[in-house]
Amino acid sequence: MYKIQTLNKIAACGLNRLDRDNYEIATDINNPDAILVRSADMHSMQLSDNVKAVARAGAGTNNIPIPELTEKGVVVFNTPGANANAVKELVILALLLSSRPAVKANAWANGLAGKGDEIADLAEKGKSQFVGPELKGKTLGVIGLGAIGAMVANTAIQLGMKVIGYDPFLSIKAAWSLDHNVQHSETLEGIYKNADYITIHVPQTNDTKGMINASTIKQMKDGVRILNIARGGLVNNEDLIEAIKSGKVACHVTDFACEELLNQENVIVLPHLGASTPEAEDNCAIMAADELKDFLENGNIINSVNFPKTYSENPIPAGGTRLCISHKNVPDTISKFTKILGEAKLNIAGMINQARGDVAYNLIDVDGKVSEDIIAKLSESDTVTGVRAIYA
């Protein structure tokens, strides 16, 4: 019986992927094998040594202490693409709101309450203060062409915009998904200098934090409109506000509320609505549950942010054992595993080894049951961060 702790409300359609005959699922649970989380902050949590995996029902993992978990051999999963359409739709809404001052117009129109028969004439006379440019023919700069950025770029093309994209790590899959009319910029400067609208779709890292700042804004066109539906820390808010006040930036739409941005002229703040659709929550929950299930039952790793993709299509040998070993990616480690198994007269039926930077992961299928003593020997090395046995 596997124990799963949920730190947020997870959609039932996802939890239902975990058979209750094999899984116990609860918010309060002792020594969980894995954790399902959405936005809960895990940085101050004291995790049980029994935790083998954390699955984030969403793409971002800033709420998870990844380096610490990696050192403990804990696999962290996310669900890339599961909420991409929901976020893409919000970005398109932000694009429109940044251009046409519908929010201000609505507030002004509501102020006409009580004017009775005068409302129609007053509305006609007052509408000129809410003029905004059309998107068609304008240039959109898309920073980051992953699942969401590519969808935004393609939709903007359909709206009649010119689109310039920047992504030094563009995957083959993402490249194939892009409309052929999307132009590729070799540098961020190419985006900053040419775009009328800029939307950001990159993770927040040490390199990207505060990437929109006084220096980069200075390179942009006058009257640029900046959208941030990705991560709050990507924009230096103090510099952004100054650029709004000077008129350099015409409008900023952000999905990340904070004190300094609230009630600022030409800043539209949304309360983190990016993935807030029932469809996205369902998709993320299903993907996260499936990732945990495949990992716990088969040892497979797909969509991990800290471990290499490692997948075996073969079943565990009948009466045998699958060893799931996480370790530091250093020479001679695998030979130590095979030596221990050989000395125990255990035949290796199959082996997959994958590495990602300093982290490595092995799936070793063994004919026969591997004893706790052998598992302990495999765990002795300082380079090994975790050994788990799955029995057929």
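Only heavy atoms go into these numbers, but all of them, side chains included; no hydrogens, no water, no symmetry mates. In this chain, residues are counted from 1 in sequence order.
A donor-acceptor pair under 3.5 Å links the side-chain atoms of Arg356 to the main chain of Phe307, judged by distance alone. Proximity of a side-chain donor or acceptor of Thr321 to a complementary backbone N or O of Val370 within less than 3.5 Å is detected. Under the 3.5 Å distance criterion, the side-chain polar atoms of Asn63 are matched with a main-chain donor or acceptor of Ala40. One N or O on the side chain of Asn306 and one on the backbone of Val74 form a donor-acceptor pair closer than 3.5 Å. Looking at Thr205, its side chain does come within 3.5 Å of a backbone N or O of Thr208 through a donor-acceptor pair. With hydrogens and angles disregarded, no donor-acceptor distance shorter than 3.5 Å links the side chain of Asp365 to the backbone of Arg322.
If you chain together hydrophobic residues whose side chains sit under 4.5 Å apart, Leu296 and Ile10 fall into the same group. There is no path of hydrophobic side-chain contacts, each under 4.5 Å, that joins Val267 to Leu270. Under the 4.5 Å side-chain contact rule for hydrophobic residues, Leu7 and Val76 share a cluster. Linking ILVMFWY residues whenever their side-chain heavy atoms come closer than 4.5 Å, directly or via other members, places Leu145 and Ile229 in the same cluster. With hydrophobic clusters built from ILVMFWY side chains whose heavy atoms lie under 4.5 angstrom apart, Met45 does not share a cluster with Ile29.
Put simply, the side chain of Ile301 does not reach to within 4.5 Å of the side chain of Gln354, judged on heavy atoms. No side-chain heavy atom of Asp358 sits less than 4.5 Å from a side-chain heavy atom of Val330.
Aromatic ring centres of His272 and Phe256 lie closer together than 6.0 Å.
Remark: Lys377 engages no residue in a salt bridge (charged side-chain N to carboxylate O under 4.0 Å, His left out) (not counting sequence neighbours). Remark: Asp33 pairs with Lys52 by the salt bridge (charged side-chain N to carboxylate O under 4.0 Å, His left out) rule, at least two apart or across chains. Residues meeting the salt bridge (charged side-chain N to carboxylate O under 4.0 Å, His left out) test with Glu297, sequence neighbours left out: Lys293.
Classification of Lys9 and Glu281 as a salt-bridged pair fails, no side-chain N sitting under 4.0 Å from a carboxylate O. No salt bridge links Asp196 with Arg225; every basic N to acidic carboxylate O contact stays at or beyond 4.0 Å. Of the charged side-chain nitrogens involved, at least one lies within less than 4.0 Å of a carboxylate oxygen, so that Arg17 and Asp290 count as a salt-bridged pair.
Annotation for Glu260: atom CD counts as buried by contact number, over 12 foreign heavy atoms lying within 6.0 Å.
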**Report entry** Worked verdict on His252 versus Asn228 for side chain to side chain donor-acceptor pair (under 3.5 Å)
**Finding:** CA-CA 8 Å; His252 176 53; Asn228 180 20; 5.4 Å; no
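A cation-pi arrangement is not found for Lys3 relative to Tyr23, the charged atom failing to lie both closer than 6.0 Å to the ring centre and inside a 45° cone about the ring normal.
Remark: of the listed residues Asn303, Thr79, Asn300, Asn303 is the sole one forming a side-chain hydrogen bond (donor to acceptor under 3.5 Å, both in side chains) with Glu291. Screening Leu140, Val142, Asn154 for a side chain to side chain contact (heavy atoms under 4.5 Å, CB included) involving Val182 leaves a single residue, Asn154.
In this structure, Ala147 and Gly81 approach most closely via the heavy-atom pair CB-CA, 4.1 Å. Nearest heavy atom pair, residue Met161 against residue Thr139, reads CE-C, 4.3 Å. Smallest separation of non-hydrogen atoms from Thr155 and Lys88: OG1-CD, 3.4 Å. Residues Thr385 and Gly73 come closest through the heavy atom pair OG1-CA, 3.6 Å.
With 3.5 Å as the limit, one finds a donor-acceptor pair spanning the side chains of Asn266 and Lys104.
Between Phe295 and Tyr361, the ring-plane angle classifies as tilted under the 30° and 60° cut-offs.
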